[in-house]
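Comments concern the structure below.
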Amino acid sequence: MKIATWNVNSITARLPQVLEWTRNNHPDVLCIQETKCIDQKFPASGFQEIGYQVAVFGQPTYNGVAIASLSSINDVQRGLPDDEADAQRRLIAGTINNIRIINVYVPNGAEVGSDKYEFKLKWLARLHKYLDNHCDVKQSLVLCGDFNIAPEDRDVHDPALWEGKILCSDAERAALENILQWGLVDVFRKHHKGGGHYSWWDYRAGAFRQNNGLRIDHLWATETLAKKSVNAWIDKITRTLEKPSDHVPVVAEFAD
DNA sequence: ATGGTAGATACTCTA
């Protein structure tokens with residue numbers, strides 16, 4: 001079972017690239033963030049043509065999440081249970097081959113201390129509450145997506161530069177650690193202990209060229225599933241393509 | 001303290 005997560009920064013702008021990557025890498029499940037696309041316009045047929053079905057939860061211009069899967073997607077949930085009707089669309093969950101998949105696009109937070117920052121911390125607390133009240137830690141479960149947080153300094157190209165900044169602040173890291181403590185394992189870190197592994201590079205100031213990246217896209221699993229993890233990797237090559245997303249796929253493989 | 005780029009939508013907002 002191969003599961004991947006990728007913030008594509010617009011599914012319509014990235015469709016040919018996403019379909020080609022999916023055909024070449026053939027994940028069982030691809031969790032997509034920042035689709036920036038209403039459900040009626042989601043290019044579902046493109047995925048169907050290569051053997052995938054999709055579950056989508058989008059909105060115009062911003063946010064939006066989707067799951068593409070080779071097998072059927074059951075018990076789909078769109079949004080957090082305590083979301084307002086017009087809430088930003090940042091979570092979609094479904095059960096595939098008896099694995100509960102929770103795909104999230106955590107708010108960016110803009111700047112430490114801003115309203116958006118407070119919204120981010122509250123959203124993370126609500127995600128934690130969702131796990132507590134609606135998920136089973138003993139089940140095979142994956143929480144993956146764009147977390148918009150680098151958990152530790154080894155996930156940051158220049159920790160001194162980023163210290164206390166958005167994506168790296170203590171409160172964000174603490175909120176993330178609380179969610180991990182619910183009973184999840186960072187599957188990438190099971191296989192790679194060192195620094196220099198990033199999943200996002202800013203479009204600006206030649207960040208990718210200088211490898212000025214952060215590891216903010218994650219794939220976490222409950223212990224039941226994590227112990228079956230045989231490999232995990234970040235597919236950096238997609239960032240070198242023409243018109244790339246600013247994020248690259250994170251992939252994990254599990255024994256059946 | 002600010003700029004750099006990209007995407008969608010409508011000339012601005014978000015990241």
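Owing to the predicted nature of the structure, the values given are computational and were not obtained by experimental measurement.
Under 4.0 angstrom from either OP1 or OP2 of B:dA15 there lies no side-chain N or O belonging to A:Lys36.
Using a 4.0 Å heavy-atom criterion, one finds that A:Arg90 contacts the sugar-phosphate atoms exclusively. A:Thr12 comes within 4.0 angstrom of the backbone, heavy atoms only, and of no base. A:Tyr105 comes within contact range of the sugar-phosphate backbone alone, with a heavy-atom separation under 4.0 Å but no base atom that close.
Note: CD1 (A:Ile38) to C1' (B:dT9) measures 13 Å, nearest angstrom. Atom OH in A:Tyr62 sits about 12 Å away from atom P in B:dT12, given to the nearest Å. Between the CD atom of A:Gln33 and the P atom of B:dA15 there is a distance of 14 Å, rounded to whole Å. Note: CD1 (A:Ile11) to P (B:dG7) measures 13 Å, nearest angstrom. Per the geometry, CG belonging to A:Asn9 stands 8 Å off C1' belonging to B:dA15, to the nearest Å. Atom-to-atom, CG of A:Asp115 to P of B:dC13 comes out at 15 Å; the value is rounded to the nearest Å. If you take CD of A:Glu111 and C1' of B:dA1, they are 11 Å apart, rounded to a whole angstrom. To the nearest angstrom, P of B:dG7 lies 17 Å from CG of A:Asn63.
Using the six-membered ring where Trp is involved, A:Phe188 and A:His197 have ring planes that are perpendicular, over 60° apart on the 30 and 60° scheme. Note: A:Phe147 and A:His218 have perpendicular aromatic rings, judged against thresholds of 30 and 60 degrees for the angle between ring planes. Using bins of under 30°, 30° to 60° and over 60° for the plane-to-plane angle, the ring pair A:His247/A:Trp200 lands in the tilted bin.
Residue whose closest nucleotide on DNA chain B sits further toward the 5' end, between A:Lys116 and A:Lys41: A:Lys41.
A:Arg90 places a side-chain N or O within donor-acceptor distance of the main-chain N or O of A:Tyr105, the cut-off being under 3.5 Å. No side-chain donor-acceptor contact under 3.5 Å links A:Thr95 to the backbone of A:Asp75.
Checking each of A:Ile32, A:Val54, A:Ile102, A:Ile96 against A:Ile67 for a side-chain contact (heavy atoms from CB on, under 4.5 Å) leaves exactly one that passes, namely A:Ile96.
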Interface polar pairs with nucleotides 2-5 of chain B, N/O, under 3.5 angstrom:
unit_1	atom_1	unit_2	atom_2	d
B:dG4	O6	A:Arg204	NH1	3.4

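Taking the C1' atom of each, B:dA10 and B:dT14 are spaced 15 Å apart, rounded to whole Å. Taking atom P on both B:dA1 and B:dA15, the two are 22 Å apart, rounded to the nearest angstrom. Spacing of P atoms, B:dT9 relative to B:dT5, comes out at 22 Å, to the nearest Å. Comparing the C1' positions of B:dC11 and B:dT2 gives an interatomic distance of 22 Å, to the nearest angstrom.
The side chain of A:Glu34 approaches B:dA15 more closely than any other nucleotide in the set B:dG7, B:dA15, B:dT9.
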**Request:** Take A:Asp83 and A:Arg126 through the salt bridge (Lys or Arg N to Asp or Glu O under 4.0 Å) test and state the conclusion after the steps.
**Result:** CA-CA 9 Å; A:Asp83 269 346; A:Arg126 291 169 58 219; 2.5 Å; yes
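Residue pairs meeting the side-chain hydrogen bond (donor to acceptor under 3.5 Å, both in side chains) criterion with at least one partner in residues 14-31 of chain A, sequence neighbours excluded, are A:Trp21-A:Asp235.
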